[in-house]
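The structure appears right after this line, and notes come after that.
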Amino acid sequence: MTVVVKIGGARAVNPEGALADIAELDEDCVVVHGGSTAVDDTLDAMGKEPEYVETPSGVVGRFTDEETMDVFKMALPGLVNTDLVTGLQNAGVDAVGLSGVDGGLLTGKRKSAVRVVEDGKKKIRRGDHSGTIQDVNADLLDTLLASGYTPVASPPMLAEGTAVNTDADRAAAAVAGALGATLVVLTDVEGVYADPDDPSTRIESVETPAEYDALTDAAEGFMTRKVMAATEALESGASEVVVASANAERPIVTALDAGGTHIHPEALE
């Protein structure tokens with residue numbers, strides 16, 4: 001079995017437990033990570049305010065202008081990726097850092113514009129440096145895994161010869177689908193909650209269309225994007241998706257056992 005582990009970039013996510021787990025797992029692992037905090041911190045140091053926009057469907061995401069894109073290229077495949085690879089190497093894992101540009105790992109189409117909602121009105125924003133993943137170079141990942149290496153990948157992706165931003169959750173979904181892997185999305189909560197304010201209402205398993213409808217109804221805020229990514233992963237060939245806490249004592253082991261919210265392919269049928 002291959003496991004794709006998505007490590008979030010939020011400040012509340014501690015990756016140390018996940019890195020220790022990867023060192024002990026028998027399964028092949030691919031790590032995909034974000035870096036929103038590192039990007040925001042760098043922008044803040046530059047005196048630039050990060051800009052987030054809301055789509056008509058209610059999903060909140062970053063608007064990536066040219067200057068922000070330059071920061072992405074520094075922060076994700078640079079700072080964040082290097083720190084994660086260093087942590088894995090120190091844990092005895094032969095990790096290899098990649099961006100989605102390397103070897104054409106993540107390729108697709110650049111967005112010419114994005115639809116946003118501002119002051120209750122739908123608008124078109126141009127100048128966004130982001131794209132939609134259409135292809136994953138699974139051969140590159142398979143080659144590294146077969147040689148005993150653990151790939152650690154992040155945005156940006158390659159679109160029409162240009163490095164552009166893409167959502168890290170959706171990047172992990174694309175990778176898991178291409179590899180037919182189990183996707184473990186590690187975040188700062190213990191799963192998807194039926195009541196977003198009550199951790200005791202964690203949805204443990206999603207196996208039917210009715211349970212899937214309940215899952216999408218429960219997902220709010222940042223969790224909306226993670227459920228969207230889970231859906232894309234399963235539709236493209238992933239064997240299972242687990243949304244779980246990165247801050248558990250054994251986050252990946254716990255997630256693969258019975259922790260988190262387990263979403264199964266049959267829920268989409």
Side-chain angles (χ1 to χ4, degrees), residues 1-10 13 30-34 36 53-62 100 106-109 111 114-115 130-136 138 141 153-155 157 165-196 201-246 252 255-256 259-269:
M1 179 176 73
T2 300
V3 179
V4 174
V5 180
K6 162 56 173 47
I7 298 178
V13 172
V30 176
V31 177
V32 179
H33 67 85
S36 57
V53 294
E54 181 181 354
T55 69
S57 61
V59 178
V60 176
R62 186 189 298 274
L106 304 173
T107 58
K109 184 178 181 180
K111 299 176 184 177
V114 291
R115 291 178 173 83
S130 64
T132 302
I133 298 169
Q134 296 174 318
D135 293 294
V136 175
L141 298 175
S154 77
M157 61 173 281
N165 183 25
T166 191
D167 178 68
D169 286 318
R170 300 178 77 175
V175 170
L179 296 177
T182 295
L183 172 60
V184 177
V185 180
L186 295 178
T187 184
D188 58 353
V189 293
E190 295 177 1
V192 184
Y193 305 150
D195 177 350
T201 65
R202 172 173 62 91
I203 299 171
E204 296 182 4
S205 182
V206 179
E207 301 181 45
T208 67
E211 290 172 342
Y212 175 76
D213 288 342
L215 176 78
T216 57
D217 288 343
E220 294 183 357
F222 76 95
M223 192 58 75
T224 302
R225 188 175 294 275
K226 298 189 185 303
V227 171
M228 179 191 300
T231 302
E232 292 176 358
L234 294 171
E235 288 177 340
S236 61
S239 58
E240 182 183 9
V241 178
V242 188
V243 180
S245 173
I252 302 175
L256 292 175
T261 297
H262 290 244
I263 310 169
H264 302 271
E266 53 266 31
L268 304 183
E269 296 176 356

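Note that the structure is predicted; figures quoted are calculated from it, not measured.
Between D195 and T201, the shortest heavy-atom contact is N-OG1, 3.0 Å. Minimum interatomic distance between A219 and V227 (heavy atoms only, all atoms of both residues): CB-CG2, 3.7 Å. Between S236 and A173, the shortest heavy-atom contact is OG-O, 4.0 Å. When every heavy atom of A233 is checked against every heavy atom of V241, the shortest pair comes out as CB-CG2, 3.9 Å. The two residues A171 and L106 come nearest to each other via the heavy atoms CB-CD1, 4.0 Å. Looking at every heavy atom in both residues, P196 comes nearest to A218 through CG-O, 3.6 Å.
Taking the side chain as every heavy atom from C-beta outward, V114 and T55 never approach each other to under 4.5 Å. Counting heavy atoms from C-beta outward, F222 and V189 have side chains that approach closer than 4.5 Å. You'll find the side chain of V60 stays beyond 4.5 Å of the side chain of V53, heavy atoms only.
The OG1 atom of T107 lies 7.5 Å from the CD atom of Q134; values are rounded to the nearest 0.5 Å. Here the straight-line distance linking atom CE of M223 with atom CG of L215 works out to 9.0 Å at 0.5 Å rounding. Here the NZ-CD1 distance, from K109 to I133, works out to 15.0 Å after rounding to the nearest 0.5 Å. Between the CZ atom of R170 and the CD atom of E232 there is a distance of 4.0 Å, given to the nearest 0.5 Å. The CG atom of L183 sits 8.5 Å away from atom CG of D169, with the distance rounded to the nearest 0.5 Å.
Of the options K6, R225, K226, a salt bridge (Lys or Arg N to Asp or Glu O under 4.0 Å) to D167 is made by R225 and by none of the others.
Of the possible polar contacts, none joining the T2 side chain to the A181 backbone as a donor-acceptor pair under 3.5 Å is found.
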Distance-only donor-acceptor hits, side chain of residues 259-269, under 3.5 Å, sequence neighbours excluded:
| unit_1 | atom_1 | unit_2 | atom_2 | d |
| --- | --- | --- | --- | --- |
| T261 | OG1 | V192 | N | 2.9 |
| T261 | OG1 | I203 | O | 2.6 |
| H262 | ND1 | E240 | OE2 | 2.6 |
| H262 | NE2 | A255 | O | 2.9 |
| H262 | NE2 | G259 | O | 2.9 |

